[in-house]
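Atoms within a ligand are numbered from 1 in the order they appear, just like the ligands themselves. The model shown is predicted, which means the values in this text are computed figures rather than measured ones.
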Amino acid sequence: MGGLGPIRRATLAMLEGPPGASPPVISYEGTLYRPPSEARSLILQATIGCSYNECAFCAMYRDKRFRVRPLDELVAEIDWAAAQPGPEVDKVFLADGDALVAKPKFLLGILEALRGTFPMLRRVSCYASPQALQIRSVEQMVELREAGLTQYYLGIESGHDTVLEQLTKGVDAAEMIRVANKAQEAGVKLSTMILLGAGGRELSRDHAIASARVVNAIGPRFVSTLVMTPVEGTPLAAADERGEFDHMDPVELAAELREFVAHLELDATIFRSNHASNYLTLAGTLPKDKQRLVETLDAVLAHPDRVRFVPDWMRGL
Ligand code: SF4
């Protein structure tokens, strides 16, 4: 899965060898995206782009043609990274948009090289599109997990079928639950994302409640919310230019978030709205903090004039 500009923060970087060494030993192709929680991870571009690349809101890989990189190039990058001074690598994120779609044999090759190189390694993660989860069997995901690929980031975006269709997500809510639960069955930690504002005002409450139902049916380790924002070059931005995108304001989005949180019934899930696209930053562990989060949002809705929402100029995409 990769995600839209709004969903995943971009980190554009190029790691170069010592002066005079050319070409750079790790050179990232195009803009590189990773989840906020992978800020301190070694990022390897196992694949380039997103094999699906259709989501209406996502600008991340529109300029890239999907391909799987040669394993020997990645092994050389791993060796190079291991030789660099600095802290020991303990987390690795496999970019780009849906590395899980690559053949298990290829991914197992990367994982073997990582395990053999970084003794402190404790987590390897990647984005997983619903389409990648459709083609991976539970047994394959178990084998990959045992080799070290223990966490996937999955953009659920919405649990409402109409909204999912408008987003061109490629799956409906029932299929989203089915494929996500394959990963759950394989023992992989899921970090899931919901897009606030994706249904506009008309579907706001239904989108919130349906999204909570889907998250409840999956029971992921993490759930986070982001705010849908049109990004240039996407069908969503084109719809916005035609005046067809319903921009919700921060108070309306807070009401939607309140409905979403109020309908969550989870046993042990960490909730965050800390992505840069959000107007409010909240965090908690569910179910322990559910009441506090709902009360906080009720207070926001009761006195929005006293709330310091993140201004648009500070929000990221
Ligand atoms: S699955 Fe959709 S959201 Fe994820 S990277 Fe591909 S096009 Fe973007």
* **atom 6 (Fe) of ligand 1 reached by Cys55 (N, O or S, under 2.8 Å)** => no
* To do: Can you measure from CD1 (Ile110) to CG (Leu149) and round to the nearest 0.5 angstrom?
  => 9.5 Å
* Structure fact -> When rounded to the nearest 0.5 Å, the distance separating CG of Leu190 from OG of Ser125 is 12.0 Å
* Asked: So, Phe222 versus Phe271, ring centres under 6.0 angstrom or not?
  -> no
Show which atoms of ligand 1 fall inside a sub-4.0 Å distance from at least one heavy-atom site of [X].
{"X": "Glu54", "answer": "7 (S)"}
{"X": "Cys50", "answer": "1 (S), 5 (S), 6 (Fe), 7 (S)"}
{"X": "Asn53", "answer": "6 (Fe), 7 (S)"}

* **Check: Lys290 side chain, Leu264 main-chain N or O, donor-acceptor pair, under 3.5 Å** => yes
* For Glu157 and His207, work out which heavy atoms get closest and say how close. => O-CE1, 3.4 Å
* Applying a 4.0 Å heavy-atom criterion (strictly less than), which segment of Tyr61 is in contact with ligand 1: side chain, backbone, both, or neither? -> side chain
* Asked: Does at least one non-hydrogen atom of Asp98 fall below 4.0 angstrom from an atom of ligand 1?
  -> no
